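Encoded as structure tokens, the structure appears first; notes follow it.
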There are 2 protein chains.
Amino acid sequence: MILPPILHPMQSQLDSSFSALSDPTRRAVIERLVNGPASVSDLASPHDMALPTFMRHLKVLEDSGLVRSVKKGRVRTCHIEAAPLMELQGWLEWQRRVWDQRLDRLTTLAEHINRNTS
Amino acid sequence: MILPPILHPMQSQLDSSFSALSDPTRRAVIERLVNGPASVSDLASPHDMALPTFMRHLKVLEDSGLVRSVKKGRVRTCHIEAAPLMELQGWLEWQRRVWDQRLDRLTTLAEHINRNTS
DNA sequence: AAGATACTTAGCTAAATAGCTAAGTATTGA
DNA sequence: TCAATACTTAGCTATTTAGCTAAGTATCTT
């Protein structure tokens with residue numbers, strides 16, 4: 001039997017991770033940060049929107065735990081936090097496993113029927 | 001070099017898939033459906049909300065392409081569509097790869113420095 | 001010391017989302 | 001045929017979200 005990964009306690013962690021990644025601007029930030037840390041201005045520059053608007057996206061990412069940041073002087077440097085991304089992968093992997101297991105059962109069932117009718 | 005999976009054309013597919021899964025009710029529906037098809041009432045019964053409210057969640061899942069359904073008589077039967085889930089897995093896997101690759105580079109760099117300073 | 005840089009805060013608007021109730025339609029079972 | 005079942009539609013409300021501008025604070029740089 002396949003059990004869920006960790007999961008039940010921190011339900012809301014998945015909520016906010018999925019939610020944070022549902023926006024293309026925020027996914028672009030993640031895609032950038034997997035290559036290494038970057039400042040707010042660096043992250044913002046490719047995006048055609050007012051800075052406060054962009055900062056809001058960044059805040060969503062930080063609130064979700066996907067991104068952390070430290071401020072030194074006047075520059076805030078952001079980096080990725082791997083754990084929440086791995087939790088997402090875990091959930092999806094769990095679904096795929098259950099799904100695959102079911103397909104296996106169906107295949108086995110079909111073979112049984114084939115044997116008993118042909 | 002690691003390239004993104006398909007991606008650029010169907011950006012909005014990722015948007016709506018992530019968005020659909022950001023709600024615990026909707027994730028519970030997916031968790032149920034990986035075990036096999038189910039009717040609307042079956043899916044709704046564990047959830048303490050008005051039926052129209054639940055149907056709305058189901059519509060979000062269908063609009064995102066994660067779930068499909070067919071109506072026969074008065075019963076609508078829902079089932080999972082694997083492709084969008086795999087696209088999500090693909091995106092996450094891509095990020096993980098780039099991230100891992102970067103860690104490798106950092107490790108290699110650290111070894112170089114070690115060799116040249118000790 | 002003054003100006004430029006890099007955020008940060010405050011506050012507004014429009015649109016989307018999640019929830020509800022009430023009432024309607026189409027099938028099925030008695 | 002009539003009642004129950006299984007959705008379905010319509011319409012309302014409250015909250016959240018994404019976007020903006022304007023103005024503020026804290027650090028550099030010269």
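Both backbone and side-chain heavy atoms feed into the values below; hydrogens, waters and symmetry mates do not. Computed from a predicted model, the values in this text were never measured in an experiment.
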Footprint string (nucleotides 15-21 of chain C, 5' to 3'): B base within contact, S backbone only, - free, heavy atoms under 4.0 Å: ---SBBB

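The ring pair (Phe, Tyr, Trp, His ring centres under 6.0 Å) contacts involving residues 21-52 of chain A comprise A:H47-A:F54, where partners must be two or more places apart or lie in separate chains. Pairs of residues two or more places apart, or lying in two chains, that qualify as side chain to side chain donor-acceptor pair (under 3.5 Å) and include a residue from residues 70-84 of chain A are A:S69-A:R76.
Scored by the side-chain contact (heavy atoms from CB on, under 4.5 Å) test, A:D42 finds A:R32, A:A38, A:S39 as partners (sequence neighbours excluded). Every side chain to side chain donor-acceptor pair (under 3.5 Å) that B:D63 has, sequence neighbours left out, goes to B:K59.
Rounded to whole angstrom, the span from the NZ atom of B:K59 across to the P atom of D:dA10 amounts to 12 Å. Regarding B:R76, its CZ atom lies at a distance of 13 Å from the C1' atom of D:dT9, rounded to whole Å. One interatomic measurement links the two molecules: CE of A:M55 to C1' of D:dG19, which rounds to 15 Å at whole-angstrom precision. Between the C1' atom of D:dA18 and the NE2 atom of A:H47 lies a distance of 15 Å, rounded to the nearest Å.
For A:E31 and B:W91, the side-chain atoms include at least one donor-acceptor pair closer than 3.5 Å. Using modelled atom types and a 3.5 Å distance limit, the side chains of A:Q13 and A:E87 yield no donor-acceptor pair.
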Chi angles and distances behind the side chain to side chain contact (heavy atoms under 4.5 Å, CB included) call for A:V67, A:I30: CA-CA 8 Å; A:V67 166; A:I30 296 295; 3.9 Å; yes

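Taking only side-chain nitrogens and oxygens, A:K71 comes nearer than 4.0 Å to OP1 or OP2 of C:dT8.
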Between the protein and nucleotides 27-30 of chain D, which nitrogen or oxygen pairs are less than 3.5 angstrom apart?
{"from": "D:dT27", "atom 1": "O2", "to": "A:R74", "atom 2": "NH1", "distance (Å)": "3.3"}

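Side chains of A:R27 and B:L14 form a contact here, defined as non-hydrogen atoms less than 4.5 Å apart.
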